[in-house]
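Throughout, numbering of the chain's residues begins at 1 and tracks the sequence.
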Amino acid sequence: MANISGITRGGTPYEPTFITALTAANCLGCGRCFKVCPREVFELVERSEDDENYDEDEDNCMVMTLANALDCIGCGSCSRVCPKQCQTHQAMPAGA
C-alpha cells in the first residue's frame, strides 16, 4: 500500500512523516516543539519523582509528552526545533 503523500503549491511531491513516539528521557522540557506545533500534539507536564532526570532543586522540572499524536499533520516542525531530537517520525500508509 502506498504512503500518504501530497503535492506542494509549486508542484513538488512530498511524503509527510508523522510523530509516532517521544523519548521523554532525552527531553529538556524546553517547550520548543510545543510552541511550533500548529495542532496541539504536545503537552508539557511535570516530571515524576521516579524519572531519572527529576531534579528536586529545580523550580520547573518539566517534560514533553504526546497529548494528541493522531492530530499530527506531518509537518516536521517539532523535529527541526528539538535540540535533543526526542521525536520519532514515520510515513503512514494511505487509508490508515
[X] (side chain) donor-acceptor with [Y] (main chain) under 3.5 angstrom:
| X | Y | value |
| --- | --- | --- |
| Asn26 | Cys86 | no |
| Glu15 | Asn3 | no |
| Thr20 | Thr88 | yes |

In Å and rounded to the nearest 0.5 Å, what is the [atom1] to [atom2] distance from [X] to [Y]?
| X | Y | atom1 | atom2 | value |
| --- | --- | --- | --- | --- |
| Met62 | Leu28 | CE | CG | 13.5 Å |
| Ser77 | Arg39 | OG | CZ | 13.0 Å |
| Leu44 | Lys35 | CG | NZ | 9.5 Å |
| Lys84 | Cys30 | NZ | SG | 10.5 Å |
| Phe34 | Met64 | CZ | CE | 6.5 Å |
| Leu22 | Cys82 | CG | SG | 7.5 Å |

Worksheet, complete the sentence: Note: Gly76 and Ser79 closest approach over all heavy atoms is O-OG, 3.0 Å

Practice prompt. Write down the atom of Glu43, the atom of Ala67, and the distance for their closest heavy-atom approach.
Written response: CB-CB, 3.7 Å

Discussion item. Take a 6.0 Å sphere around CD of Glu40 and say whether it holds more than 12 heavy atoms from other residues, nucleotides or ligands.
Written reply: no

For a 4.5 angstrom cut-off between non-hydrogen side-chain atoms, does [X] reach [Y]?
| X | Y | result |
| --- | --- | --- |
| Thr8 | Tyr14 | yes |
| Val63 | Val45 | yes |
| Ile73 | Pro16 | no |

Worksheet item: Do Cys78 and His89 pass the side-chain contact (heavy atoms from CB on, under 4.5 Å) test, and can you show the C-alpha distance, the side-chain angles, and the key distance before you say yes or no?
Response: CA-CA 10 Å; Cys78 56; His89 293 79; 3.3 Å; yes

Fill in: Worked check of side-chain contact (heavy atoms from CB on, under 4.5 Å) between Gln85 and Gln87
CA-CA 6 Å; Gln85 299 303 302; Gln87 300 92 1; 5.5 Å; no

Practice prompt. I would like to know whether Leu66 and Phe42 meet side-chain contact (heavy atoms from CB on, under 4.5 Å); could you show each step before the answer?
Written response: CA-CA 5 Å; Leu66 291 175; Phe42 302 98; 3.7 Å; yes

Practice prompt. Could you give me the CA-CA distance, side-chain angles and deciding distance for Thr17 and Gln90, then say whether side-chain contact (heavy atoms from CB on, under 4.5 Å) is met?
Written response: CA-CA 5 Å; Thr17 56; Gln90 71 180 50; 5.7 Å; no

